[in-house]
Protein chains: 2
Amino acid sequence: MPFPETEIPGRLQALLAQRGIRMTDQRRAILSVIETANKHLDASQLLRKAQKLDPSVDRSTVYRTLGLLKRQGMIDELDLMHLNGEGHYYERKLGRDHIHMACLRCGKITEFVSERFESLKSQMEQECRFHILVARLEVGGYCTACRR
Amino acid sequence: MPFPETEIPGRLQALLAQRGIRMTDQRRAILSVIETANKHLDASQLLRKAQKLDPSVDRSTVYRTLGLLKRQGMIDELDLMHLNGEGHYYERKLGRDHIHMACLRCGKITEFVSERFESLKSQMEQECRFHILVARLEVGGYCTACRR
DNA sequence: ATCGTTGTTGCGACTGAGTTGCAACACGAA
DNA sequence: TTCGTGTTGCAACTCAGTCGCAACAACGAT
């Protein structure tokens, strides 16, 4: 189960409107790519796909929009254990946090949801009196198929 | 729960020797900086400190040595929520994994060790039949002093 | 429908992290 | 001391991400 909740198309756009954030053709293209993506995309993949919807989209607009969505807490930024270079990957933030497990041999990414993760986060909030806004747990190792 | 697990100076060097890895003055300088660091260092801070011990140390040697130590599982690479740019931070891997909590307002980094984290990792290994080599949990939010 | 304010964009130049090819060098086993 | 092989400094490079700026466009007010 890659994504725990089904995305309603146009949801990001509605959320931004609701917060009084201006909408443009370029943003619409980028949001639509993020909402319909079936895998984790990096900034350059996002740019290429968005340009198919609106050729005027520029690289800097992609970065600026990603920054906006991060600040709004609407997307999560991932490293995926730097399996392919130093860049970041992005995904729509939906429902509860999930863990990313990256196979260091075949590169497969597995997502995992656990009650224990939620429990760990509560413990941190209580014992450290820390207010959590983002929690990113990434794991590297060998998947079932790749371990010897 | 907590483990002092104090570092023995020269331990990294001994471990590398034990694995038949060649030692050089530059590596000695870099290892010594890592072992005596009292906070998380990034590559350029590491370079500056290493050059005080051996002025011949070059930037690329720092990166190559960090790569070596990562492959040997002797250090962990951290993002610390990208509080200061896109670079990475490094720390000696000791005892059990710990969580890094970064305050998005004051930048303070808090480390946290939890049995629940260990339990979560076991669950992933069992339920996903995944062999974990590295687990990185980073959290961003507001610390006690900064939350309103 | 038009206007004006103000936020957004494309462009191009820039920064900063990390990598690489190569010739010189030095570790450490024999 | 010798020698093979791994390591280094250097310089040039790649790649992700940022920024200043002038032109532009969203959208509420008129």
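Each chain gets a letter, A, B and so on, in the order its sequence line appears, and its residues count up from 1.
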- Message: Between C/dG10 and A/Arg64, counting only base atoms on the nucleotide and side-chain atoms on the residue, is there a donor-acceptor pair under 3.5 Å?
- Response: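 Indeed there is one.
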
- Got a donor-acceptor pair under 3.5 Å from the side chain of B/Arg59 to the base of C/dG18?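 When only heavy-atom distances are counted, B/Arg59 does reach the base of C/dG18 through a donor-acceptor pair under 3.5 Å.
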
- Can you check whether A/His82 and B/His88 have ring centres sitting under 6.0 Å from each other?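 Between B/His88 and A/His82, which both carry aromatic rings, the centre distance is below 6.0 Å.
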
- Message: With a 4.0 Å limit, can you tell me whether B/His88 has a side-chain N or O closer than that to the phosphate oxygens OP1/OP2 of C/dA17?
- Response: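 Answer no for this pair, as no side-chain N or O of B/His88 is under 4.0 Å from OP1 or OP2.
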
- Are A/Tyr63 and D/dT18 close enough that a side-chain N or O sits under 4.0 Å from OP1 or OP2?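 For A/Tyr63, the contact criterion (side-chain N or O under 4.0 Å from OP1 or OP2 of D/dT18) is not met.
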
- Task: Side chain of B/Asp58 only, please: which of C/dT9, C/dG18, D/dC10 is the nearest?
- Result: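 Closest nucleotide to the B/Asp58 side chain: D/dC10.
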
Could you tell me if the side chain of [Y] sits less than 4.5 Å from the side chain of [X], heavy atoms only?
X: B/Glu111; Y: B/Ile99; result: no
X: A/Leu41; Y: A/Glu91; result: no
X: A/Leu133; Y: B/Tyr142; result: yes

- Query: For the residue pair A/Arg147 and B/His131, what are the closest heavy atoms and their distance?
  - Reply: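 Heavy atoms only, the tightest pair is NH1-N, 3.8 Å.
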
- What string of B, S and - do you get for nucleotides 25-30 of chain C, 5' to 3', when a contact is any protein heavy atom under 4.0 Å? -BBS--

- Is the shortest side-chain N to carboxylate O distance from B/Arg136 to A/Asp79 below 4.0 Å?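 Result for this pair is yes, salt bridge flagged.
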
- Message: With a 4.0 Å cut-off on N to O distance, would you call B/Arg96 and B/Glu115 a salt bridge?
- Response: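 Judged by the 4.0 Å cut-off on N to carboxylate O distance, B/Arg96 and B/Glu115 do form a salt bridge.
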
- Query: Starting at the 5' end of DNA chain C, which residue's closest nucleotide do you reach first, B/Asp42 or A/Arg27?
  - Reply: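 Whichever sits nearer the 5' end wins; that is A/Arg27.
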
- Item | First encountered from the 5' end of DNA chain C, between A/Val62 and B/Ser60 |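 First, find each residue's nearest nucleotide; the 5'-ward one identifies A/Val62.
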
- Mind running a 4.0 Å heavy-atom check of residues 70-83 of chain A against DNA chain D and sending the residues that fall below it, in number order?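 Listed by number, there are none.
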
- Item | Protein-nucleotide distance (A/Leu68, atom CG; D/dA26, atom P), rounded to Å |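 Roughly 16 Å, once rounded to whole Å.
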
- Kindly compute the distance separating CG (A/Leu12) from CZ (A/Arg92), expressed to the nearest 0.5 Å.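 The distance works out to 4.0 Å.
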
